[in-house]
Amino acid sequence: MLLKKIDTWLSIVFFATGVVVYKMASGFDDIPSRFPILLAISFMVLSALLFVNTLFKVRRQNGPEEAPAHGCHRYIMPAMVTVVMCAYAAALEFAGFIAPSVLLMLFVGWVLGYRRSGLLLLVSLLFVLAVYGVFGVLLGVPLPRLPFME
């Protein structure tokens with residue numbers, strides 16, 4: 001029940017944030033206002049979907065809710081992700097952008113509980129290639145490259 005209340009309030013806050021950002025960005029010129037307006041509309045649509053989802057959420061009746069983890073065990077996975085992200089940042093310099101990014105996405109997906117390795121690899125590859133295509137190719141943002149590619 002608490003999660004439903006939190007989701008409801010988060011959806012309201014994000015929708016209000018989207019409205020405020022939209023109002024502020026509508027005063028900008030045409031080109032500078034495109035991204036904030038797109039972001040505001042995305043906030044409003046996603047928060048509306050979250051609100052509708054919380055209204056129609058059916059509570060699982062499979063058994064009692066799990067007790068929250070106590071002690072240091074609940075900090076192991078976030079600590080592992082933090083260490084892997086630091087290793088990712090260090091690896092960008094000598095391994096380029098694509099390989100470390102795919103490995104990071106695979107690891108984070110595994111930490112989040114996705115165990116279908118084929119689908120996880122496919123999504124990781126497609127997402128990293130899409131990011132590379134948008135930022136590296138279309139926008140011309142210099143992304144880290146392998147040393148022999150420079």
Side-chain angles (χ1 to χ4, degrees), residues 1-60 65-66 68-69 74-147 149-150:
M1 189 63 158
L2 178 64
L3 185 61
K4 190 172 181 178
K5 285 183 181 180
I6 291 172
D7 285 350
T8 303
W9 282 108
L10 278 176
S11 65
I12 292 169
V13 167
F14 279 129
F15 191 85
T17 302
V19 170
V20 169
V21 169
Y22 185 85
K23 285 292 204 181
M24 289 176 61
S26 62
F28 298 158
D29 291 335
D30 186 38
I31 300 294
S33 69
R34 286 184 185 169
F35 182 71
I37 287 176
L38 180 65
L39 186 66
I41 291 171
S42 300
F43 263 40
M44 290 187 287
V45 168
L46 291 174
S47 63
L49 288 173
L50 178 62
F51 186 76
V52 169
N53 189 27
T54 55
L55 288 180
F56 295 113
K57 188 181 291 186
V58 177
R59 189 172 179 179
R60 294 183 193 176
E65 294 182 10
E66 290 183 19
R74 66 180 171 175
Y75 298 114
I76 291 175
M77 285 301 183
M80 285 176 53
V81 170
T82 304
V83 168
V84 169
M85 287 178 68
C86 291
Y88 166 75
L92 285 174
E93 188 172 330
F94 65 87
F97 172 74
I98 294 176
S101 299
V102 169
L103 291 175
L104 176 70
M105 285 196 64
L106 284 171
F107 178 75
V108 170
W110 177 78
V111 166
L112 291 174
Y114 296 106
R115 298 295 187 253
R116 295 176 58 189
S117 58
L119 182 62
L120 191 57
L121 179 63
L122 179 68
V123 168
S124 298
L125 279 171
L126 289 177
F127 183 78
V128 169
L129 290 175
V131 168
Y132 183 79
V134 169
F135 288 98
V137 177
L138 291 177
L139 297 176
V141 175
L143 296 173
R145 293 181 180 207
L146 292 170
M149 292 178 69
E150 294 178 357

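Counting begins at 1 with the first residue of the sequence.
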Drop me the distance from [X]'s [atom1] to [Y]'s [atom2], to the nearest 0.5 angstrom.
X     : Y     : atom1 : atom2 : result
Asp7  : Ile12 : CG    : CD1   : 11.0 Å
Leu55 : Thr8  : CG    : OG1   : 6.5 Å
Asn53 : Leu49 : CG    : CG    : 8.5 Å
Ile6  : Thr54 : CD1   : OG1   : 12.0 Å

Ignoring hydrogens and angles, write down the donor-acceptor pairs under 3.5 Å from the side chains of residues 100-120, residues two or more places apart or on other chains.
{"unit_1": "Ser101", "atom_1": "OG", "unit_2": "Tyr88", "atom_2": "OH", "d": "2.9"}
{"unit_1": "Ser101", "atom_1": "OG", "unit_2": "Phe97", "atom_2": "O", "d": "2.6"}
{"unit_1": "Arg115", "atom_1": "NH1", "unit_2": "Trp110", "atom_2": "O", "d": "2.4"}

Let me have the donor-acceptor pairs involving side chains of residues 18-44, under 3.5 Å, with sequence neighbours excluded, atom names and distances please.
{"unit_1": "Ser26", "atom_1": "OG", "unit_2": "Tyr22", "atom_2": "O", "d": "3.4"}
{"unit_1": "Ser26", "atom_1": "OG", "unit_2": "Lys23", "atom_2": "O", "d": "2.8"}
{"unit_1": "Ser33", "atom_1": "OG", "unit_2": "Asp29", "atom_2": "O", "d": "2.9"}
{"unit_1": "Ser33", "atom_1": "OG", "unit_2": "Asp30", "atom_2": "O", "d": "3.0"}
{"unit_1": "Ser42", "atom_1": "OG", "unit_2": "Leu38", "atom_2": "O", "d": "2.9"}

So the side-chain hydrogen bond (donor to acceptor under 3.5 Å, both in side chains) pairs with at least one residue in residues 12-21 (sequence neighbours excluded) are none
In the structure I gave you, are the side-chain heavy atoms of Phe14 and Leu46 within less than 4.5 Å of one another anywhere?
no
